[in-house]
Amino acid sequence: MTELIARAWQVHAGRPAADRYDFTLPFGKATVMVLLIARHNLPQQLAGDLFGIAQATVSRIWRYLLPLIGQVTALDRKHLADALARGTVLIDGTPIPTGNRAATGRTNYVAKHHKQALCVQVAAFRDGTLADVSRPVPGSRHDSRALDEVGWADQIATARAQRDWIAVIADTAYIKHTRLTPRKKPRGQKRRSKPDREHNRHISSLRAPVERTIAVLKQWKILATGYRGRLTELPTLIHMIVNLEFYRQAT
């Protein structure tokens, strides 16, 4: 925390006076407050009561520090291309609940979970270490289409063209992009064959680390229990949290 606050203060202090926010709280406390809100999904009114400031002030601090914290941890960020260079990558999608919003209608509705959300693609290594997180896409997108929209499908294809030993392991939603997925039950059969069941158990065991990676990411409760802010700010929030996870791994 000391190093993170020092990094953020250095960027804040280096900005022109007209672009700097005049903090009511000490800068370190303001940084801690923003991280607490994200980590525990605290309502801004509650955060204001805890830190002795108004909700409107919490909102201004939140919007100022959110991109700044993401900026100062950007150097620790890794990307899918870095992960593919190492060989085996596990991929899965996960929803970020946003609450039901009339303005978005069915665009963000995730039928599987019966709620509105934006979805991100998560990449991990076989030891469960985070490899990358994509930008969010509307929740109604199928994972396969989402992989295309965020540009990961093109990155995988490019990496395979350069190194044919690259392995991408995923669930059946990604059968278009990789053969290392569980085998579907043949049409008209009541159950899978024994070799198919053994194959699926093996793939599931290989995929388990990416599920753990998502669980660690969702320890930031604002990504798990319902994001209440503006949808236009959600990509900035995800960027900050992912950068902080890489920052944590690096330190």
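No hydrogens, no waters, no symmetry mates; every other heavy atom, side chains included, goes into these values. Note that the numbering runs from 1 along the sequence shown for the chain.
Using modelled atom types and a 3.5 Å distance limit, the side chains of Gln116 and Thr104 yield a donor-acceptor pair. Using modelled atom types and a 3.5 Å distance limit, the side chains of Arg201 and Ser205 yield no donor-acceptor pair. Between the side chains of Gln55 and Gln44, at least one donor N or O lies within less than 3.5 Å of an accepting N or O.
The distance between the ring centers of His12 and Tyr64 falls below 6.0 angstrom.
The CD atom of Glu211 lies 8.0 Å from the OG1 atom of Thr94; values are rounded to the nearest 0.5 Å. Here the CG-CG distance, from Asp148 to Asp154, works out to 7.0 Å after rounding to the nearest 0.5 Å. Between atom CD1 of residue Ile5 and atom OG1 of residue Thr31 there is a gap of 5.0 Å, rounded to the nearest 0.5 Å. The CZ atom of Arg39 sits 9.0 Å away from atom CD1 of Ile241, with the distance rounded to the nearest 0.5 Å. The distance from atom CG of Leu50 to atom CD of Gln45, rounded to the nearest 0.5 Å, is 10.5 Å. To the nearest 0.5 angstrom, Glu198 atom CD is 9.0 Å from Ser193 atom OG.
The pair Asp92-Arg207 counts as a salt bridge, with a side-chain nitrogen and a carboxylate oxygen less than 4.0 angstrom apart. Between Asp76 and Arg248, no side-chain nitrogen of the basic residue sits less than 4.0 Å from a carboxylate oxygen of the acidic one, so the salt-bridge criterion is not met.
Counting heavy atoms from C-beta outward, Leu84 and Ile156 have side chains that approach closer than 4.5 Å. In this structure, the side chains of His177 and Val168 stay at 4.5 Å or more apart for every pair of heavy atoms. Residues Glu233 and Arg63 form a side-chain contact, since some pair of their non-hydrogen atoms from C-beta on lies under 4.5 Å apart. Val133 is not listed as a side-chain neighbour of His239, based on a closest heavy-atom distance of 4.5 Å or more. Counting heavy atoms from C-beta on, the side chains of Ile69 and Asn243 never come closer than 4.5 Å. A heavy-atom distance below 4.5 Å is found between the side chains of Leu244 and Trp220. Proximity of Met33 to Leu36: side-chain heavy atoms (C-beta onward) are nowhere separated by under 4.5 Å.
For CZ of Arg126, the number of neighbouring non-hydrogen atoms (other residues, nucleotides, ligands) closer than 6.0 Å is 12 at most. Within 6.0 Å of the CD atom in Gln10, the count of heavy atoms belonging to other residues, nucleotides or ligands does not exceed 12. Other residues, nucleotides and ligands contribute at most 12 non-hydrogen atoms within 6.0 Å of the CZ atom of Arg86.
Here the side chain of Thr181 pairs no donor or acceptor atom with the backbone of Thr172 at under 3.5 angstrom. Side-chain atoms of His113 do not come within 3.5 Å of backbone N or O of Lys115 as any donor-acceptor pair. The closest donor-acceptor contact from the side chain of Thr73 to the backbone of Tyr247 lies at 3.5 Å or more, if one exists at all. Side-chain atoms of Ser204 come within 3.5 Å of backbone N or O of Asn200 as a donor-acceptor pair. A donor-acceptor pair under 3.5 Å links the side-chain atoms of Ser140 to the main chain of Thr107, judged by distance alone. Between the side chain of Arg15 and the backbone N or O of Arg20 there is no donor-acceptor pair closer than 3.5 Å. Side-chain atoms of Thr225 come within 3.5 Å of backbone atoms of Lys221 as a donor-acceptor pair (strictly under, hydrogens ignored). No side-chain donor-acceptor contact under 3.5 Å links Asn41 to the backbone of Tyr227. The backbone N or O of His199 sits nowhere less than 3.5 Å from a side-chain atom of Arg183 that would complete a donor-acceptor pair. Arg163 contributes no side-chain N or O that, together with a main-chain N or O of Gly87, makes up a donor-acceptor pair within less than 3.5 Å.
The minimum heavy-atom distance between Trp62 and Val34, with the atom names listed, is CZ3-O, 3.5 Å. Residues Pro235 and Pro136 share a closest heavy-atom pair of CG-CG, 3.9 Å. Closest heavy-atom contact between Val89 and Ala123: CG1-CB, 3.9 Å. Contact between Leu237 and Ala38 at its shortest, heavy atoms only, is CD1-CB, 4.3 Å. Looking at every heavy atom in both residues, Leu223 comes nearest to Ile238 through CD2-CG1, 4.1 Å. Between Ala81 and Gln155, the shortest heavy-atom distance links the atoms N-OE1, 3.6 Å.
For Arg135, there are no side chain to side chain donor-acceptor pair (under 3.5 Å) partners, not counting sequence neighbours.
Ring pair Tyr21/Phe23 is perpendicular by interplanar angle, where above 60° counts as perpendicular and below 30° as parallel.
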Determine whether Arg77 and Asp132 satisfy the following criterion, salt bridge (Lys or Arg N to Asp or Glu O under 4.0 Å), listing intermediate values before the conclusion. CA-CA 8 Å; Arg77 177 70 180 263; Asp132 198 4; 3.0 Å; yes
